[in-house]
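Everything below concerns the one structure shown next.
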Number of protein chains: 2
Amino acid sequence: MSEPTTEPSSAPRKPGRPSRPPLTEAMIAQAALEIIDEHDWQSCTMKALAQRLGVRAPSLYHHVAGQHEIVDLVRKLVVSEIHDPAILDLPAAEAMWQFGIAYYRAFAKHPNTIQLLSTTPIRDRDTLQMYEVFLQALVRGGWDKQRALEALLGLEHLALGFAFEWNAEDLMLDPVAAAAHGAPLVAEITHDRTNQNAIAESTFRSLLGRYIAMFEMEAGDQSL
Amino acid sequence: MSEPTTEPSSAPRKPGRPSRPPLTEAMIAQAALEIIDEHDWQSCTMKALAQRLGVRAPSLYHHVAGQHEIVDLVRKLVVSEIHDPAILDLPAAEAMWQFGIAYYRAFAKHPNTIQLLSTTPIRDRDTLQMYEVFLQALVRGGWDKQRALEALLGLEHLALGFAFEWNAEDLMLDPVAAAAHGAPLVAEITHDRTNQNAIAESTFRSLLGRYIAMFEMEAGDQSL
DNA sequence: ACCTGAACACCGTTCAAGT
DNA sequence: ACCTGAACACCGTTCAAGT
């Protein structure tokens, strides 16, 4: 139950060196993401977060303004796995593909963050920059601006939906509940999803390809 | 600040009749949805809910087991606006269309419920029945079962994404924040979204049509 | 049967006090 | 400068007590 990290009382070895390294934003962000990955956002309380860092809850307020800033830090970490400025110079369809795959992979790797990040306003520079680059790649390719935004939003939610449904711990559809409430087909289909995570990405890739083609056709009809 | 509903002290008119009708599940569900629509899920505390019903918080536990049951009740209300058993007898593509439009409209009408309902496990009979009917409509049309589930999940998140982005109070992308963080294109595009809610549905309809066509093509390739 | 006040454990957050 | 204990307001929930 107790954490294996350094406790101040037991080991006074190397007297000049502090037993616990000073807290940083990066350490807090990392610990928060770990807790969310291992459990969920609800479990990432200020107390739990502080405990993992070998500190008391009020200490955290010396490094972050409040819990909302922790949300931003976690988002920054996940976005860092997605954002690649190089897509700016790619053709629109190629940029959508690269971004879509990276987006899916990041959230398939951290499915428990979806609940938090997909419903929280975006305030941090890194994430806004990522969106800026994506939109500019499409606009450079001759896309209508509003259409570019629609493509982005649809793409995001498509990726999030699949990443969440196939990887999150608490599945939305539970075969047991389905069977108990007269939904046998739901129960049957959801039952053998256990080892299907492997094929989840290939399914998403297929869908993503179609999705991009669909927008390219529309662009051909309207803005060119 | 105080509510206009009946308070026990002021009006003893009609002595035999109780001033406040007895609480029911339906009344609680209705009040909860109203609070979420007017504010958000965070504001729907047991105290606020009780106050709207002219009662104290602990009284609610006489009618519901806990807050999780209130989630189920709200979901039931929203689902009642979507579910139409008649789609069972429609061709697959037609069923997807009908369901998709109804799904989008219900959540565009109650965008603040998305955050709550899209991240909470489904336990209630009504919702499971709705899924059962949808999946059976597709399977009757010759679709592969797993493919039917994928179509459902993708459709849901596509609809939710658009309903949320175009109608929710707290937008994910704020033009002010974007401009402040060096994302001018994001700022520009998100700036004139105010009166674009009207065209949101037509955009979704266009996307939905393409989405269905995409799945029909895949079905033609693989399962027929 | 239904509602209530009081109480409990648990949140996020503040702050004066320590080193 | 950084961390702490104590305190505050606010959650959801329980329960003995009222009618």
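Letters A, B, ... are given to chains in the order of the sequence lines, protein chains preceding strands, and every chain is numbered from 1.
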Residue that, paired with B/Phe204, satisfies ring pair (Phe, Tyr, Trp, His ring centres under 6.0 Å) out of B/Tyr211, B/Tyr104, B/Phe164: B/Tyr104
Spacing of A/Gln42 atom CD relative to C/dC10 atom C1', expressed in whole Å: 14 Å
Whole-Å gap separating P (D/dT4) and NZ (A/Lys47): 14 Å
Length of the CD1-P vector between B/Ile28 and C/dC2, whole Å: 11 Å
Under 3.5 Å on both distances, the Watson-Crick or G-U partner of C/dC10: none
Test item: B/Glu69 side-chain N/O and B/Ala65 main-chain N/O as donor-acceptor pair under 3.5 Å: yes
Protein-nucleotide distance (B/Glu25, atom CD; C/dC2, atom C1'), rounded to Å: 15 Å
Mate of D/dT4 where both pairing distances stay under 3.5 Å, Watson-Crick or G-U: C/dA16
Candidates C/dC3, D/dC11, D/dC3 - which lies nearest the side chain of B/Thr45: D/dC11
Interatomic distance where CE belongs to B/Met46 and P belongs to C/dA7 [whole Å]: 21 Å
Parallel, tilted or perpendicular: rings of B/Phe215 and B/Trp143 (30°, 60°): parallel
Those residues of residues 58-77 of chain B lying under 4.0 Å from DNA chain C by at least one heavy atom: B/Pro58, B/Ser59, B/His62, B/His63
B/Glu38 with B/Arg52: basic N within carboxylate O range, under 4.0 Å: yes
Backbone N/O of B/Trp41 and side chain of B/Asn112: donor-acceptor pair under 3.5 Å: no
Separation of C/dT4 P from B/Arg56 CZ (nearest whole Å): 6 Å
Distance (rounded to the nearest 0.5 Å) between A/Leu116 CG and A/Arg75 CZ: 7.0 Å
